[in-house]
Amino acid sequence: MKKAVTAIVLTAVLLTACGKAAPSSTGHEGMNMSSPEPGGHTGHSAETAKTDEVKATFTLTPDKPQSKKDAQAGIQITDNSNKVIENFDLSHEKKMHLIVVSKDLSYFNHIHPDYKGNGLFDITTQFPAGGQYKLFADFVPTGKSSTTKSQWITVQGNAAKPVAIQPDTNMTKVVDGKEITLAYDPLKSGKETTLTFTIKDAATKKPMTNLQQYLGAVGHVVILSDDAEQYLHVHPMEEKATGPDAKFMTTFPKSGVYKIWGQFQHEGKVFTVPYVVKVP
Ligand SMILES: [Cu+2]
């Protein structure tokens, strides 16, 4: 326990050092609680909020959701004295981004809860199989810095066979008729990295130059450590780019294995391409 707290504090310090800290709070009471999540946004001001200023309480209905059935998630945002936080800035066109991943990171979903007022966000979604999932709510309370809060949940139903998270050896992938290649300079923990996605038509191999804006930018990238403890939210260097290259900046806070999801839009459809990298 003491070790875990030290790790969280250390992460916060590391992220603060590069100007990307998000506030975190602690809580271990089970469901209906807030939980710690150091995270970062490269595209926002470097202002650092005080720890414990913002709390997110996740409530599921039903409280034991079933796989492949509708489940409603409520996310109540308050300050640490349970006073409702009412105002949120739009960030990438939304007041909240919610990332849902399975424990093995094989399942990824990026959705946008509705804001109901009084600090309450709400979304109905489904989980593909039984097992553990982690929800990450990413939002900006007005006057505060970008904040990420997370919660592990358990979904009832037949579990999928876990998929091992292995670093990719081939950085070119084909998704929905697009051929996407991810390139970067040698990765190093704590050092700013540029991730370049190059997108071609998989059939013709022609570089694509007509990517559409997705959430107000050329694309959206989410990065998680393999244990889902480190959440890095990354944004493009050139927001208005249309391809074939989409460049993003991030800093991997420590060495380890990370999964990267790039999301882009073409002809009205969003496609998601996952990669696994090892940061020495
Ligand atoms: Cu989003």
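Each residue takes its place number in the sequence, starting with 1. For clarity, every value in this text was computed on a predicted model and none was experimentally measured. We use all heavy atoms of the structure for the numbers below, so side chains are in, but hydrogens, waters and symmetry mates are not. Atoms within each ligand, like the ligands themselves, are counted from 1 in listed order.
- At a cut-off of 2.8 Å, H92 does not coordinate the Cu ion (ligand 1) through any N, O or S atom.
- Under 2.8 Å from the Cu ion (ligand 1) lies an N/O/S atom of H97, whether from backbone or side chain.
- Its N, O or S atom nearest to the Cu ion (ligand 1) is what matters here, and for H112 that atom is NE2.
- Counting only N and O atoms by type, the side chains of T142 and D89 include a donor and acceptor under 3.5 Å apart.
- Two rings, from F127 and Y107, have their centers 6.0 Å or more apart.
- To the nearest 0.5 Å, the span separating OG1 on T250 from CD1 on I223 amounts to 4.0 Å.
- Remark: the H112 side chain and the H97 side chain contain an N/O donor-acceptor pair separated by less than 3.5 Å.
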